[in-house]
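The analysis underlying the following values was restricted to heavy atoms, covering all of them including side chains, and did not include hydrogens, waters or symmetry mates. The structure presented is a predicted model; accordingly, all values stated were derived computationally and were not measured.
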Amino acid sequence: MTAATADLLDYDDVVARYEPVLGLEVHVELSTATKMFCGCANRFGAEPNTQVCPVCLGLPGSLPVLNEKAVESAIRIGLALNCEIVPWCRFARKNYFYPDMPKNYQISQYDEPIAINGHLDVPLDDGSTWRVEIERAHMEEDTGKLTHLGSETGRIEGATTSLIDYNRSGVPLIEIVTKPIEGAGERAPEIARAYVTALRDLLRGLGVSDVRMDQGSMRCDSNVSLKPVGQKEFGTRTETKNVNSLKSVEVAVRYEMRRQAAVLDSGGRITQETRHFHEDGYTSPGRSKETAEDYRYFPEPDLEPVAPDAEWIERLRATIPELPWLSRKRIQEEWGISDEVMRDLVNIGALDLIAATVEQGASSDAARAWWGNFLVQKANEARVELDALPITPAQVAAVVKFVDDGKLSNKLARQVVEGVLAGEGEPEQVMKDRGLEVVRDDSALQAAVDEALAANPGIVEKIRGGKVQAAGAIVGAVMKATKGQADAARVRELVLAACS
């Protein structure tokens, strides 16, 4: 037993004696072209401190200018979460002192957020749903990123050097805060994970963020408290910061429930604090949790209030797509695929690509075969996400049509797709440039068949003797001679006709 698990109460005992109360705060980086208050590029992975300017560095005399696209995204998120979009809101300064925030304050929204009082009906694994009430969704800017060197954990404790990258400073953020989630009981960790999963899928469907938890563009802070069964007052909460995977959200909630229960059972008191999540499945103390008063909020004097026009809001409401899990259920029924197949397609990031390929005219079976097999292999070889491959659903659908029309065999089609991936142009251009179109001219095929028959008299005798399956060897020879471009079905017909 490790030190991290030594003082934990059995989970069944936890839920028998205590009621968990959850609160989830999810930070989402928006995929706008530029940052929240300046014109610097909003792009992940650039060289450190190359996407900065006086505004996001907080230099004296610089003034913020609000990103309209970020406001639009905030409104669409609020609408998708069934929130009320307020007629008037404004920004505030959240004051704290830390190297990742060069102004020593963060521009955020405090008591006047843009979206309030929503809900999300979250699908659970057993087919039921759980309604999570949304307190607010507000706009703010992200902080810079600190990298601590010399410590075993990568955190500041024990570090010998800390490096700061301000590229992320000023990136548009939406923070989505739930109301207290009560009554979940033993399912609390599952519901926490399901909520973050549903939120990720929803935001991806809206196209407002890439929601890459591994890259920090979606991060979850999980608040957990326990109260004895039957007690009305909430217990003291802890906040586990920046949990960066769906599984980790569930693990962090379960761990905190077991840890807090052990403390309470022993007569101790829970300390209100932030905690760090460790990937091997436990949390550790961070710092004492600040209150709103500690941040000394006051209205941001350099930005005008935001007053979304009602007509604009209604136009944006019309852009909200079908909920992803409802869309998946409809698609699954239309395609006639199992839960397991659907889950696999979602996990590899292929579902939207397949659906778009079907919209371009391909059959669902053909689209699934390409994206779920050949192209996912290519993505794995290139070590990129499936949607990062340099090929579009329209191009895949074009290849499928060439196969359906008999212009390409499956083998030749794969060569065409490889050409598209290599940047050689559209499928038709690759097919022509590489000379890959199926040979259907009977005169050319007959010449190749005659040559193969002359070279294999023994096989000819077998075919004439009734062993029709032997024709496969002749077909194979013709296919080899024509570099796979012959119409195999037509070749077989010609072989059998010649041997009759």
Side-chain angles (χ1 to χ4, degrees), residues 5 8-28 80-83 116-137 175-203 213 218-265 270 272-275 277 281-283 289 323-326:
T5 59
L8 299 180
L9 194 64
D10 182 80
Y11 191 72
D12 289 339
D13 292 335
V14 175
V15 297
R17 303 177 201 175
Y18 299 97
E19 295 180 6
V21 179
L22 307 181
L24 300 170
E25 303 170 10
V26 176
H27 296 79
V28 181
L81 292 171
N82 302 290
C83 288
I116 58 174
N117 297 328
H119 68 267
L120 185 61
D121 291 325
V122 176
L124 303 180
D125 289 341
D126 62 1
S128 63
T129 60
W130 185 280
R131 175 162 290 190
V132 175
E133 302 285 347
I134 306 297
E135 176 73 33
R136 57 192 281 151
E175 181 175 354
I176 302 165
V177 182
T178 70
K179 294 181 180 180
I181 302 172
E182 301 181 72
E186 66 180 355
R187 302 189 75 178
E190 173 198 355
I191 288 169
R193 175 176 180 166
Y195 166 72
V196 179
T197 301
L199 193 57
R200 181 198 62 175
D201 291 348
L202 178 64
L203 296 168
M213 297 187 79
M218 181 174 176
R219 313 187 288 273
C220 178
D221 299 343
S222 63
N223 293 268
V224 178
S225 67
L226 297 179
K227 60 181 181 179
V229 171
Q231 178 178 299
K232 292 184 178 180
E233 294 181 1
F234 292 171
T236 301
R237 65 185 173 91
T238 62
E239 181 181 15
T240 304
K241 301 288 288 184
N242 295 329
V243 186
N244 63 359
S245 79
L246 300 174
K247 179 181 179 181
S248 296
V249 170
E250 182 173 1
V251 172
V253 169
R254 183 181 292 269
Y255 180 88
E256 271 303 287
M257 288 173 62
R258 296 181 65 194
R259 185 193 68 82
Q260 290 184 25
V263 172
L264 295 172
D265 260 23
I270 303 300
Q272 182 169 318
E273 63 185 355
T274 63
R275 296 183 67 85
F277 179 75
Y282 69 97
T283 70
K289 179 63 178 172
L323 290 173
W325 42 97
L326 298 181

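In this structure, Arg258 contributes its side chain and Leu9 its backbone to a donor-acceptor pair below 3.5 Å. Side-chain atoms of Asn223 do not come within 3.5 Å of backbone N or O of Leu24 as any donor-acceptor pair. Judged purely by atom type and a 3.5 angstrom limit, Glu25 has no side-chain atom pairing as donor or acceptor with the backbone of Glu239. Without hydrogens or angle criteria, Asn242 side chain to Arg219 main chain gives no donor-acceptor distance under 3.5 Å.
One finds the CD atom of Gln260 at 4.5 Å from the CD1 atom of Ile270 (value rounded to the nearest 0.5 Å). Atom CD1 of Ile176 and atom CG of Leu203 lie 5.0 Å apart (nearest 0.5 Å). Taking CZ from Arg136 and CD from Glu175, the interatomic distance works out to 7.5 Å, rounded to the nearest 0.5 Å. Here the straight-line distance linking atom CD1 of Ile191 with atom CD of Glu250 works out to 10.5 Å at 0.5 Å rounding. For the atom pair CD of Gln272 and OG of Ser225, the computed distance is 10.0 Å after rounding to the nearest 0.5 Å. Put simply, CZ on Phe234 and CD on Glu182 are 3.5 Å apart, with the number rounded to the nearest 0.5 Å.
Listed by chain and number, the residues in a side-chain contact (heavy atoms from CB on, under 4.5 Å) with Asp126 are Leu124, Ser128, Arg187 (sequence neighbours excluded).
Nearest heavy-atom pair, Ala252 versus Phe277, reported as atom, atom and distance to 0.1 Å: CB-CD1, 3.6 Å. The shortest heavy-atom contact between Met213 and Asn244 is CB-O, 3.2 Å. Between Val132 and Thr178, the shortest heavy-atom distance links the atoms CG1-CG2, 3.7 Å. The two residues His119 and Asn82 come nearest to each other via the heavy atoms O-ND2, 2.9 Å. Residues Leu120 and Leu199 share a closest heavy-atom pair of CD2-N, 4.3 Å. For the residue pair Pro189 and Tyr11, the shortest heavy atom distance occurs at CD-OH, 3.1 Å.
Glu256 and Thr240 are not linked by any side-chain donor-acceptor pair at a separation below 3.5 angstrom, with hydrogens and angles left out of the test.
Val26 has its side chain within reach of Tyr195: a pair of non-hydrogen atoms, C-beta onward, lies under 4.5 Å apart.
Screening Asp221, Thr283, Thr238 for a side chain to side chain donor-acceptor pair (under 3.5 Å) with Arg275, the sole residue that qualifies is Thr283.
Residue Glu186 qualifies as open at atom CD: its count of foreign heavy atoms under 6.0 Å is 12 or below.
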Identify all side-chain donor-acceptor contacts of residues 13-21 below 3.5 Å with residues at least two apart in sequence or on another chain.
unit_1	atom_1	unit_2	atom_2	d
Arg17	NH1	Asp265	OD2	2.1
Tyr18	OH	Asp265	OD1	2.6
Glu19	OE2	Gly230	N	3.4

